[in-house]
There are 2 protein chains.
Amino acid sequence: MSGEVGTSLKARLGAGRRLTGQRKVIADVVQASRDHPDASEIHRRAAAIDPRISLSTVYRTLKVFAEAGLIEQHSFGGPRARVERTPNRHHDHLIDTTTGRVIEFRSEEIERLQAEIARELGYELTGHTLELYGHPLRGKTARTSKS
Amino acid sequence: MSGEVGTSLKARLGAGRRLTGQRKVIADVVQASRDHPDASEIHRRAAAIDPRISLSTVYRTLKVFAEAGLIEQHSFGGPRARVERTPNRHHDHLIDTTTGRVIEFRSEEIERLQAEIARELGYELTGHTLELYGHPLRGKTARTSKS
DNA sequence: TCGTTATTGCAAATTATTGGCAATAAAAAG
DNA sequence: CTTTTTATTGCCAATAATTTGCAATAACGA
Ligand SMILES: [Mn+2]
Ligand SMILES: [Mn+2]
Ligand SMILES: [Zn+2]
Ligand SMILES: [Zn+2]
C-alpha cells in the first residue's frame, strides 16, 4: 500500500557494490532510527549490534547509501551531519532550540512556492533546505516529537 | 530613509568591546562585500588592506560580529561558513549548482507560511534557513547574480 | 600620560571527516 | 564446493575548518 517495498538493499546499492555484514547492520540501524542520528551515534548503535564495525566504515557506508539515494543528510545548525532514511514523502524540519528536538512537517504550499520562485529567477529547482528554529509557545505542548 | 544608519560600529559591538584596527578593516571588508565570502576569503581581502591581520583574528572577529548581530553566517551546502553583513531586510538564497553563484530573493508569502507552520506545531519561530538549489533553465539568463 | 585588560599573532589543539594500505571476505567463476 | 577476483574493512595517519593557550600589544577610560 505504500510504494517500493519489494526492492532488496543489495539491488538498491547498485552494480559492483557488495552487501557486507556491516552494511546490513548500518542499514538496519538507519531504518530503525526514528530520529536523526549523526555518524558517531550510528556507529554506537551499530557497534552494539555487531562490534566489528569501525567509525570509518560508518562514514564510508553512509556516503555509499547517500549516493544510492537511501539516506538524506541534514546539518540542523550543528557541525555534525545528521542522517535519516530517505522518506517516502519529502518533509522539512523544525528544530526546538530549547531541547534540540526535531519535528518533521510538510507544507504543500511552501514546496510549490519554492519551485515557483526558482522558476521566476530563471532556474529549475533541484533541491532545497528548509529548517525552522523556534521555542515552544508557553503552555502549549508540541504535537509531534522526534529528535 | 533606510533604518539605523547613525549607530557607530563601536557602539554596536557592545560594552567592553574594543574597536581595533583589524576590526575596522574586517568590518569594511564585510560591508563592501556584495557576495558571500568565507573566512579565508575575508582574510585575503582584509590582509590586502592591512597585512597585520591574522586568520585567527578574522575568525574571532566574525564570531564577535555575529554575536553583535552585525553579520549572518550561511553554509550553502559547503564545508566553510559564508558571511554577509546583516541585511536591512531579510532574504533567502538560491544557489546555482552549476556555477556556485548565489542569488538572493525574498518571499513574503513563504516567510508568513513558515511562521504559521511553526505556530501550528506549537512553536514560536525565531529563525530559519531556506536555501534553494537549482540549475538555469535552458535559454533563460538569471535575473540577479551574486556569488 | 598611564594602567588595566581586551585583543592579537602564532602555533598547537580540536573536531568532523577522509584517505592509504594491507588484510579480509563478498560474489563471480570454475 | 573451491578458487579467483577485487570491493570493502579496520587501523591510523592526513585533511580541513575552526578554536584555543599564551605572551606580547594596543585600546581607551581615568
Ligand atoms: Mn526527517
Ligand atoms: Mn545574502
Ligand atoms: Zn521541503
Ligand atoms: Zn527567509
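Because only heavy atoms are used, hydrogens play no part in the values below, and waters and symmetry mates are left out as well, while side chains stay in. Source: prediction; values computed, not measured. We name chains A, B, ... by the order of the sequence lines, and we start the count at 1 in each one.
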Checklist entry - OP1 or OP2 of dA26(D) sitting under 4.0 Å from any side-chain N/O of Arg18(B)? => result no
Next on the checklist: I want to check something: taking the side chain as every heavy atom from C-beta on, are Glu124(B) and Arg119(B) in contact at a cut-off of under 4.5 Å?
Outcome noted: no
Checklist entry - Would you call Arg112(A)-Glu116(A) a salt bridge at under 4.0 Å N-O? => result yes
Checklist entry - Do the side chains of Leu132(A) and Leu132(B) join up, straight or via other hydrophobic residues, at under 4.5 Å, putting them in one cluster? => result yes
Which protein N or O atoms sit under 3.5 Å from an N or O of nucleotides 10-14 of chain C?
unit_1: dA11(C); atom_1: N6; unit_2: Ser56(B); atom_2: OG; d: 2.9

Item to check | First encountered from the 5' end of DNA chain D, between Thr20(B) and Asp38(B) | outcome: Asp38(B)
Checklist outcome for this item: For His91(A), the ring-ring contact (aromatic ring centres under 6.0 Å, His included) test, sequence neighbours excluded, returns His93(A)
Next on the checklist: Using the side-chain heavy atoms of Leu19(B), tell me which of these nucleotides is nearest: dT8(C), dT8(D), dC28(D).
Outcome noted: dC28(D)
Checklist entry - Using a heavy-atom distance cut-off of less than 4.0 Å, which residues of residues 22-30 of chain A contact DNA chain D? => result Gln22(A), Arg23(A)
Checklist entry - Excluding sequence neighbours, so at least two apart, what forms salt bridge (Lys or Arg N to Asp or Glu O under 4.0 Å) with Arg45(B)? => result Asp35(B), Glu41(B)
Next on the checklist: At less than 4.0 Å, is any side-chain N or O atom of Lys10(A) found next to OP1 or OP2 of dA27(C)? Yes or no.
Outcome noted: yes
Can you give me every donor-acceptor pair (side chain of residues 57-67 of chain B, partner residue at least two apart or in another chain, under 3.5 Å) with its distance?
unit_1: Thr57(B); atom_1: OG1; unit_2: Ser54(B); atom_2: OG; d: 3.2
unit_1: Thr61(B); atom_1: OG1; unit_2: Thr57(B); atom_2: O; d: 2.7

For a quick test of your reading: what N or O donor-acceptor pairs under 3.5 Å do the side chains of residues 16-32 of chain B make, sequence neighbours left out?
unit_1: Thr20(B); atom_1: OG1; unit_2: Arg23(B); atom_2: N; d: 3.1
unit_1: Arg23(B); atom_1: NH1; unit_2: Arg18(B); atom_2: O; d: 2.8

Checklist entry - Would you say a side-chain N or O of Tyr59(B) is under 4.0 Å from OP1 or OP2 of dT19(D)? => result no
